[in-house]
Amino acid sequence: VQLQAFGGGLVQAGGSLRLSCEASGSIFSINTMGWYRQAPGKERELVATISSGGVATYADSMKGRSTISRDSAEKTVELRMNSLKSEDTAVYYCHVNLRPNGWNSQSRNYWGQGTQVTVSS
């Protein structure tokens, strides 16, 4: 299983950015998809996740400023972020929990390679 992330980059404070991630490989079913981030010197933290049923969960810091969506057929997840702040600067990681081979296979977590988001003030 591979996760390929797209998007990220440099944006001014108050601007918007879109991140997308595509899962490929041996995938039977996908449970949750989401994004986490890690700033220098800090632990990795949740940004937003979305369940297989489309229920979204956001970090308090991102509520009202971001929207997560998924396309289960295309195995993609997208995160749109608005009103970006300097404290949003971090490496953003795509995360997927999935079953690789049939309903009897154990669900596993997979991480993308990370994409840098830098917000300049």
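Hydrogens, waters and symmetry mates play no part in the numbers below; they use all other heavy atoms, side chains included.
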(message) Per the disulfide bond (SG atoms under 2.5 Å apart) rule, what does the pair list look like for residues 54-83, sequence neighbours excluded?
(response)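 Every pair satisfying disulfide bond (SG atoms under 2.5 Å apart) with a residue in residues 54-83: there are none.
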
(request) May I have all residue pairs that pass disulfide bond (SG atoms under 2.5 Å apart) and include part of residues 30-73, sequence neighbours excluded? (result)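 Qualifying pairs: none.
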
(request) For Asn101, check side chain to side chain donor-acceptor pair (under 3.5 Å) against everything at least two apart and list the hits. (result)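 Partners of Asn101 by the side chain to side chain donor-acceptor pair (under 3.5 Å) criterion, ordered by chain and then number, come out as Ser26.
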
(message) Which residues pass the side chain to side chain donor-acceptor pair (under 3.5 Å) test with Ser72, not counting sequence neighbours?
(response)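 So Ser72 forms a side chain to side chain donor-acceptor pair (under 3.5 Å) with Arg70.
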
(message) What I'd like to find out is whether the side chain of Phe28 reaches to under 4.5 Å of the side chain of Leu98, using heavy atoms alone.
(response)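 Not in contact.
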
(request) Would you indicate whether the side-chain heavy atoms of Tyr36 and Glu43 approach each other to under 4.5 Å? (result)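 A side-chain contact is absent here, since even the closest heavy-atom pair is not under 4.5 Å.
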
(message) Using the side-chain contact (heavy atoms from CB on, under 4.5 Å) definition, which of the options Ile30, Thr49, Thr32, Asn31 pairs with Val96?
(response)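 The option that passes is Ile30.
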
Atom pairs and distances, donor-acceptor, side-chain atoms in residues 114-121, under 3.5 Å, two or more places apart:
{"from": "Thr115", "atom 1": "OG1", "to": "Gly7", "atom 2": "O", "distance (Å)": "3.0"}
{"from": "Gln116", "atom 1": "NE2", "to": "Ala90", "atom 2": "O", "distance (Å)": "3.4"}
{"from": "Gln116", "atom 1": "NE2", "to": "Thr118", "atom 2": "OG1", "distance (Å)": "3.3"}

(request) Decide side chain to side chain contact (heavy atoms under 4.5 Å, CB included) for Thr67 and Leu79; before the verdict, give the C-alpha distance in whole Å, the side-chain angles of both, and the deciding distance to 0.1 Å. (result) CA-CA 6 Å; Thr67 301; Leu79 179 70; over 6 Å; no

Atom pair [atom1] ([X]) and [atom2] ([Y]), whose distance is rounded to the nearest 0.5 Å:
{"X": "Tyr110", "Y": "Met33", "atom1": "OH", "atom2": "CE", "value": "13.0 Å"}
{"X": "Ile68", "Y": "Arg80", "atom1": "CD1", "atom2": "CZ", "value": "12.5 Å"}
{"X": "Thr76", "Y": "Glu78", "atom1": "OG1", "atom2": "CD", "value": "7.5 Å"}
{"X": "Tyr92", "Y": "Arg44", "atom1": "OH", "atom2": "CZ", "value": "13.0 Å"}

(message) Per the salt bridge (Lys or Arg N to Asp or Glu O under 4.0 Å) rule, what does the pair list look like for residues 4-14, sequence neighbours excluded?
(response)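 Sorted result for residues 4-14: empty, none.
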
(request) Determine which pairs satisfy salt bridge (Lys or Arg N to Asp or Glu O under 4.0 Å) with at least one residue from residues 94-111, sequence neighbours left out, and list them in order. (result)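 Passing the test, one end in residues 94-111: no pairs.
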
(message) Give me the atom names and distance for the closest heavy-atom approach of Ala48 to Tyr58.
(response)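 Distance-wise, the nearest heavy atoms are CB-CD2, 3.5 Å.
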
(request) Just jot down the side-chain contact (heavy atoms from CB on, under 4.5 Å) partners of Ser61, sequence neighbours excluded, or say none. (result)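 Counting only residues at least two positions away or on another chain, Ser61 forms a side-chain contact (heavy atoms from CB on, under 4.5 Å) with Arg37, Ala59.
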
(request) Please name all residues satisfying side-chain contact (heavy atoms from CB on, under 4.5 Å) with Asn109, sequence neighbours left out, ordered by chain then number. (result)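 For Asn109 the side-chain contact (heavy atoms from CB on, under 4.5 Å) partners, ignoring immediate neighbours, are His95, Asn97.
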
(message) For Tyr93 together with Trp35, are the ring centres under 6.0 Å from each other?
(response)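 No; Tyr93 has its ring centre 6.0 Å or more from that of Trp35.
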
(message) Arg65: which residues meet the salt bridge (Lys or Arg N to Asp or Glu O under 4.0 Å) condition with it, sequence neighbours left out?
(response)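 Arg65: salt bridge (Lys or Arg N to Asp or Glu O under 4.0 Å) contacts with Asp88.
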
(message) I'd like to check the salt bridge (Lys or Arg N to Asp or Glu O under 4.0 Å) partners of Lys42; sequence neighbours left out, ordered by chain and number.
(response)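 Here no residue qualifies.
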
(message) Applying a strict under-4.5 Å side-chain criterion to I, L, V, M, F, W and Y, I'd like to know whether Val91 and Leu46 cluster together.
(response)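 Yes, it is one cluster - the side chains of Val91 and Leu46 are joined through contacts under 4.5 Å.
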
(message) Membership question, hydrophobic clusters at under 4.5 Å side-chain separation (ILVMFWY): are Val1 and Val77 in the same one?
(response)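 Yes, same cluster.
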
May I have the list of side-chain donor-acceptor pairs in residues 12-25 shorter than 3.5 Å, sequence neighbours left out?
{"from": "Ser16", "atom 1": "OG", "to": "Asn82", "atom 2": "OD1", "distance (Å)": "3.0"}

